[in-house]
Amino acid sequence: MTETTFTPRVFSGIQPSGGLTLGNYLGAIKRFVTMQDEVAESIYCMVDLHAITVWQDPKALQHNTRELAAGFIASGISPEKSILINQSQVPEHAQLGWIFNCVARMGWMQRMTQFKDKAGKNSQAASLGLFGYPALMAADILVYHATHVPVGDDQKQHLELTRDIAAKFNHDYGVDFFPMTEPVIEGAATRVMSLRDGSKKMSKSDPSDASRINMTDNADTIAKKIRKAKSDADALPSEVKGLEDRPEARNLINIYASMADMTVDQVLANVGGKQFGEFKPMLADLAVAKLSPISGEMARLMSDPAEIDRILAKGALQAREITAPILQKTYDIVGMVRPAI
Ligand code: TYM
């Protein structure tokens with residue numbers, strides 16, 4: 001088998017299952033924005049089909065999908081440079097997802113920590129879709145032959161599975177058709193933690209609103225949540241080593257570094273020796289300066305939902321120019337009969 005060279009193409013997705021958090025922004029969207037200028041083609045997706053693996057109120061799902069699109073655009077993703085879509089408007093995702101349901105093995109899915117976390121104790125009551133979730137995610141990526149996928153740290157296992165599915169498909173059918181996608185997990189904030197508990201991931205599903213910063217929070221709320229964020233009584237260290245066993249301090253420093261586009265070392269060189277009473281207002285000012293323009297722009301975009309819908313419809317047409325031929329070729333490889341074109 002000869003090694004095929006795949007043209008660099010970026011794909012990533014976010015679930016419209018609630019508001020956007022600072023974790024989504026720093027772990028994913030901020031990187032999407034830089035990557036759209038680094039690679040010729042980038043596709044960013046609101047994964048509405050993934051969202052319904054757990055119950056979503058239909059009206060809220062529509063609202064959240066448009067708000068997520070607004071969040072992407074307000075953060076700097078340009079519909080002129082990137083293809084912006086919601087997953088359900090590009091049917092090839094679900095079609096390839098079915099093929100991958102037949103490639104992936106039960107045992108692989110049973111090892112997925114996100115399934116275990118989300119299904120909780122009563123996994124028998126979880127939807128079949130939640131179990132098969134990673135096969136659809138592999139299809140999202142591979143239906144574009146995407147080579148690079150920027151994500152936060154929590155998606156690493158799903159991306160390993162995507163490579164396993166690609167490898168098994170290629171092996172079973174004796175082809176070199178799907179690429180080995182590279183995860184892009186980079187920067188100071190690949191795992192933003194809860195503001196109330198440095199051992200838990202910041203998440204839109206945490207019952208405590210104080211645990212996260214929402215991208216729709218206003219300046220006062222952002223400042224208040226940072227002021228109240230859990231910290232400790234010691235002064236900040238001047239070197240990274242000093243953050244060991246101080247999860248809350250490390251989290252706040254990582255957030256600062258990511259928002260200021262600095263390394264953790266650079267931040268500590270500036271703030272080492274300061275108490276949280278001094279550092280938290282600095283962090284709050286930075287967060288407000290970076291996030292308020294985004295939430296303002298999101299609100300402006302949300303006042304014209306029809307324009308958002310037009311952008312997503314155009315994105316779907318562009319996307320299908322890539323996905324339709326890849327799906328057809330997949331069907332040929334698998335042996336599905338269809339009319340000759
Ligand atoms: P989702 O919707 O949970 O999160 C979207 C992106 O945000 C990142 N993220 C975080 N990063 C740092 N710190 C946090 N606290 C934090 N919380 C969330 C996630 O790592 C992710 O990059 N399965 C995916 C959605 C998906 C997808 C895809 C992603 C479906 N198909 C194809 C990439 C490619 C998910 O649930 O992300």
Side-chain angles (χ1 to χ4, degrees), residues 9-33 35 42-54 56 61 64-65 67-68 71-72 75 77 85-88 90 93-94 96-97 100 112-115 117-118 129-130 132-144 146-163 165-166 181-206 211-215 247 250-251 254-255 257-259 319:
R9 189 178 278 154
V10 175
F11 179 92
S12 199
I14 297 190
Q15 296 195 63
S17 52
L20 270 176
T21 69
L22 183 66
N24 299 133
Y25 176 66
L26 297 180
I29 299 183
K30 203 163 171 284
R31 197 74 187 91
F32 299 175
V33 177
M35 287 191 92
S42 43
I43 303 103
Y44 296 120
C45 183
M46 282 119 259
V47 290
D48 45 13
L49 296 173
H50 276 115
I52 60 163
T53 55
V54 297
Q56 303 293 325
L61 179 61
N64 291 337
T65 303
E67 191 176 78
L68 181 52
F72 278 178
S75 302
I77 293 169
I85 51 164
N86 60 313
Q87 190 184 26
S88 59
V90 184
H93 288 236
L96 185 62
F100 287 170
M112 293 295 112
T113 53
Q114 184 166 307
F115 175 73
D117 290 349
K118 284 202 171 179
L130 189 65
Y133 180 115
L136 179 59
M137 177 160 162
D140 293 338
I141 297 166
L142 294 173
V143 79
Y144 295 90
T147 55
H148 294 83
V149 182
V151 281
D153 180 68
D154 60 348
Q155 295 302 312
K156 201 169 168 185
Q157 196 185 30
H158 284 159
L159 291 179
E160 280 159 13
L161 188 104
T162 299
R163 292 165 67 100
I165 289 178
T181 302
E182 292 293 334
V184 182
I185 304 173
E186 286 172 358
T190 55
R191 193 170 180 82
V192 178
M193 307 310 277
S194 155
L195 298 179
R196 308 301 302 161
D197 177 352
S199 68
K200 269 175 43 190
K201 197 183 70 169
M202 181 181 285
S203 156
K204 48 194 150 198
S205 56
D206 193 313
S211 71
R212 64 180 160 263
I213 292 175
N214 305 302
M215 295 303 286
R250 190 174 53 214
N251 188 38
N254 285 347
I255 292 174
S258 176
M259 278 193 303

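Both counts, for ligands and for their atoms, begin at 1 and track the order of listing.
A salt bridge links D154 with K201: at least one charged nitrogen is closer than 4.0 Å to a carboxylate oxygen.
The shortest N or O to N or O distance between D154 and ligand 1 is below 3.5 Å. Between D140 and ligand 1, an N or O atom pair is found at a separation short of 3.5 Å. Considering backbone and side-chain N/O atoms, G152 comes within less than 3.5 Å of an N/O atom of ligand 1. Considering backbone and side-chain atoms alike, N24 places an N or O below 3.5 Å from some N or O of ligand 1. Checked against a 3.5 angstrom limit, the closest N/O atoms of V192 and ligand 1 fall inside it. When only interatomic distances are considered, the shortest N/O to N/O separation between G23 and ligand 1 falls below 3.5 Å. Remark: ligand 1 and Q155 share an N or O pair separated by less than 3.5 Å (distance only, no angle test).
Judged by distance alone, the side chain of R212 and the main-chain N or O of S203 form a donor-acceptor pair under 3.5 Å. Judged by distance alone, the side chain of K30 and the main-chain N or O of S258 form a donor-acceptor pair under 3.5 Å. Of the possible polar contacts, none joining the S12 side chain to the V149 backbone as a donor-acceptor pair under 3.5 Å is found. At least one donor-acceptor pair under 3.5 Å links the side chain of Q87 to the backbone N or O of D48. Side chain of Q56 to main chain of A51: a donor-acceptor pair is present (N/O by atom type, distance under 3.5 Å, no hydrogens or angles). In terms of modelled atom types and a separation under 3.5 Å, the side chain of H50 and the main chain of Y133 share a donor-acceptor contact.
The shell of residues lying under 4.0 angstrom from ligand 1, judged by heavy atoms, excludes A146.
From the protein, the heavy atom lying nearest to atom 29 (C) of ligand 1 is G13 O, 3.3 Å. Scanning the protein heavy atoms around atom 32 (C) of ligand 1, the nearest turns out to be F11 CE2, 3.5 Å. Of the protein's non-hydrogen atoms, the one nearest atom 6 (C) of ligand 1 is A28 CB, 3.7 Å.
Contact annotation: for K30 versus ligand 1, there are no heavy atoms closer than 4.0 Å. No part of S203 comes within 4.0 Å of ligand 1, judged by heavy-atom distances. Contacts with ligand 1 closer than 4.0 Å are made by backbone heavy atoms (N, CA, C, O) of T190 only, the side chain lying farther away. Under 4.0 Å from ligand 1, heavy atoms of Q15 appear from its side chain as well as its backbone.
Ring pair F11/Y144 is parallel by interplanar angle, where below 30° counts as parallel and above 60° as perpendicular. The aromatic rings of F32 and Y44 lie parallel to each other, their planes meeting at an angle below 30°, with 60° marking the opposite boundary.
Of the options F32, Y44, Y133, the smallest heavy-atom separation from atom 36 (O) of ligand 1 is shown by Y133. With atom 28 (C) of ligand 1 as the reference point, the heavy atom nearest to it among M137, K204, K201, M193 is part of M137.
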Hey, can you pull the donor-acceptor pairs under 3.5 Å for the side chains in residues 189-196, sequence neighbours left out?
residue, atom, partner, partner atom, Å
S194, OG, R196, N, 3.0
S194, OG, D197, N, 3.1
R196, NH1, K228, O, 2.7

